[in-house]
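Presented below is the structure to which this report refers.
Values below: every heavy atom of this structure, side chains too, minus hydrogens, waters and symmetry copies.
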Amino acid sequence: PNEDPFLIHACNRYEITPIGAEFVADHPYVSDADNAFIQRAAKQGFRAGLGLPMRLKGSERFGGFLLGNALDHDTFLKRMMPRSEEIRLFCMIIHRRIEELRAIESPASHPSERRALIPNTLPECFDSLTPRELEVVAMLAQGQTRKATAHTCDISVHTVSDYAKSAYKKLDVRNRAEAATLLYGQTLVKSTGP
C-alpha cells in the first residue's frame, strides 16, 4: 500500500479518478516509479480503471477500490465513465459493510456502531432513486445532519437538500423520519390531516 500510486495520490480526495496506463498522461504528478508500477499492472490486464477513494473526511483511515479492465482510453470513457457514480455507490455500500463487520468483530465496539448503515435489501420504491439520492437519503435517515452529509460527500449543503428533496418526492415522503421508516422496513403510517 505504501507504494500504490492510487493510495498515495487519489485517496486524499473524494473524486472518482480514471487510472491505469491509458490515463497516466492525465496525472502529471505520477513519478517514474509510480509509472513503472502502472505499466506493470497494464501488462497484467489493468490498462484502464476507476480509482474510487473511500476515505471519509475526518477519518484517520483510508482506502478505496481499484476497478479496471483491458479497455483502451476512449472505449473506457464511453462505457465505464457514465456508470461511475453507480459503481462508486456500490463500492461505498461495500466499504460501509466492511466497516460494520470490523466494528462487530471489535470487542470494544459500541452497539450503535454495529447497526447496519444501509439495509442488505431495499424496498422496491428505492429503485427509482439515483445512486447519489440513495446515498444522501441513507445518511440522513441514519441521523446525519445535512451539513455532515455534505461534508462526507464533498458536496454543498444546498446540493444535499436538492438530492433529499428529489428523493423524498420520488419516495412520496415528507422528511427523513418517513424515509428512514421506509428504508428500514417499517410500515409507514401517513396522517391525512389535523
Decide yes or no for [X] and [Y]: does some side-chain heavy atom of the first lie under 4.5 Å from some side-chain heavy atom of the second?
| X | Y | answer |
| --- | --- | --- |
| I16 | E85 | yes |
| F65 | L50 | no |
| L182 | C125 | yes |
| P82 | L77 | no |
| F23 | T17 | no |
| R40 | K43 | no |

N/O donor-acceptor pair under 3.5 Å between R176 side chain and M139 backbone | no

Quiz: residues 157-164 side-chain donor-acceptor pairs under 3.5 angstrom, not counting sequence neighbours:
residue : atom : partner : partner atom : Å
H158    : NE2  : D162    : OD2          : 3.3
T159    : OG1  : S156    : OG           : 2.8
S161    : OG   : R146    : NH1          : 3.1
S161    : OG   : V157    : O            : 3.2

Pairs touching residues 64-74 that satisfy side-chain hydrogen bond (donor to acceptor under 3.5 Å, both in side chains), sequence neighbours left out = D72-T75

State the CD-CG distance between E133 and L171, to the nearest 0.5 angstrom.
-> 8.5 Å

Separation between CG (L52) and CD1 (I19), nearest 0.5 Å, reads 8.0 Å

Candidate pair V30 and I38, rule side chain to side chain contact (heavy atoms under 4.5 Å, CB included), full reasoning = CA-CA 10 Å; V30 172; I38 292 166; 4.0 Å; yes

Let me know which of T130, D127, V137 forms a side chain to side chain contact (heavy atoms under 4.5 Å, CB included) with K170.
-> T130

Can you establish whether the number of heavy atoms outside Y168 located under 6.0 Å from its atom OH is more than 12?
-> yes

